[in-house]
Amino acid sequence: MSAGQGERKTRKSRGRARRVAGRPEILAAARSIGIRKGWKAVTIRAVAQKLGYTSPLLYEHFRDKQEILTELAIEGQTALAGELLRDVPAEPYHALLSMAERYWSFMLANKQLYRLMNGMEGVVIDRDRVTAAAQRSFECATAIVRKWLITECKSDSGAELLFEDLWAILHGMAALHLDRSVPFEIGRAKDCISKLLIGTKAQHALTTSKS
């Protein structure tokens, strides 16, 4: 190992060498600051101070604050997608209602992170990267929507659009709930999703009968 490599991996701390924080540690520190103080409080200097380092060490891993916040938003989208698909029922209708409940529970348990993921905090993140990551993460959830369409409408046409409609209902209610504009709760959200599915099935039947 060269002297330079050793220098990047450790720093002296009170006479003892200690490992320099990598990307996971930096993100964890930034997440802690954001959840406690708000995402505007996350700066390279603040994260470095929390870890006990100087700012230049963090620039070895992240270009700027925006990149750190973007990575946290992507992590949040990935975590949400994983939560939606945990132990979902086999029957697609109940699977969709289960995903709605998991979505709501995730939002309530991770309010600050949810706001960051969805650009609600007034901080700059790379929305294109976050959106692309979310689309990849939610492919399996979209597949469940497609399964419901095949089961109920005998066609998988429009699965992506229907998934976006379902997400719009949940996110819209969640955003209003978080902003304290309307005190929505999960029962009402699930009821709206059920109505959307019933309406989709009825519209498909009407279209099919006319063709």
So how far is it from [X] [atom1] to [Y] [atom2], rounded to the nearest 0.5 Å?
X    : Y    : atom1 : atom2 : value
L113 : Q77  : CG    : CD    : 8.5 Å
L58  : T54  : CG    : OG1   : 8.5 Å
L196 : Q203 : CG    : CD    : 11.5 Å

Test of understanding: clusters of I, L, V, M, F, W, Y form through side-chain heavy atoms closer than 4.5 Å, transitively. Do [X] and [Y] belong to the same one?
X    : Y    : value
I144 : I198 : no
V124 : L72  : no
L161 : W167 : no

Check residues 169-181 and write down every donor-acceptor pair under 3.5 Å in which the side-chain atom is one partner and the other belongs to a residue at least two apart or another chain.
{"from": "H171", "atom 1": "ND1", "to": "Y114", "atom 2": "OH", "distance (Å)": "2.6"}
{"from": "H177", "atom 1": "ND1", "to": "F184", "atom 2": "O", "distance (Å)": "2.9"}
{"from": "D179", "atom 1": "OD1", "to": "R115", "atom 2": "NH1", "distance (Å)": "3.2"}

In a table with atom names and distances, give each donor-acceptor pair under 3.5 Å that connects a side chain of residues 80-97 to protein atoms at least two apart or in another chain.
{"from": "E83", "atom 1": "OE1", "to": "R86", "atom 2": "NE", "distance (Å)": "3.4"}
{"from": "E83", "atom 1": "OE2", "to": "R86", "atom 2": "NE", "distance (Å)": "3.4"}
{"from": "E83", "atom 1": "OE2", "to": "R86", "atom 2": "NH2", "distance (Å)": "2.6"}
{"from": "E91", "atom 1": "OE1", "to": "Y93", "atom 2": "N", "distance (Å)": "3.1"}
{"from": "E91", "atom 1": "OE1", "to": "H94", "atom 2": "N", "distance (Å)": "2.8"}
{"from": "E91", "atom 1": "OE1", "to": "H94", "atom 2": "ND1", "distance (Å)": "2.7"}
{"from": "E91", "atom 1": "OE2", "to": "Y93", "atom 2": "N", "distance (Å)": "3.2"}
{"from": "Y93", "atom 1": "OH", "to": "S194", "atom 2": "OG", "distance (Å)": "2.7"}

Heavy-atom count around K190 NZ within 6.0 Å, excluding the residue itself: above 12?
->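 Yes, NZ of K190 has more than 12 neighbouring heavy atoms, counting only those of other groups under 6.0 Å.
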CZ of R127: more than 12 outside heavy atoms within 6.0 angstrom?
->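 Result for CZ/R127: enclosed.
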Check whether any side-chain heavy atom of [X] lies under 4.5 Å from a side-chain heavy atom of [Y], and answer yes or no.
X    : Y    : value
Q112 : R36  : no
L149 : T200 : yes
N110 : M107 : no
E25  : Y53  : no
L197 : L166 : yes

Distance-minimising heavy-atom pair for [X] and [Y]:
X   : Y    : value
L57 : H61  : O-CD2, 3.8 Å
G76 : F106 : O-CZ, 3.7 Å
S32 : K50  : OG-CE, 3.5 Å

Taking only residues at least two apart or on different chains, which pairs with a member in residues 118-148 satisfy ring pair (Phe, Tyr, Trp, His ring centres under 6.0 Å)?
->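 The answer is F138-F163.
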For residues 155-176, which residue pairs qualify under salt bridge (charged side-chain N to carboxylate O under 4.0 Å, His left out), counting only residues two or more places apart or in two chains?
->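 Only R146-D156, R146-E160 qualify under salt bridge (charged side-chain N to carboxylate O under 4.0 Å, His left out).
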Please list, one pair per line, the donor and acceptor atoms closer than 3.5 Å that link side chains of residues 40-49 to other protein atoms, with sequence neighbours excluded.
{"from": "T43", "atom 1": "OG1", "to": "A46", "atom 2": "N", "distance (Å)": "2.9"}

For residues 65-75, pull every pair meeting side chain to side chain donor-acceptor pair (under 3.5 Å), keeping only residues two or more places apart or in separate chains.
->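 Listed by first then second residue: R31-E75, E71-R129.
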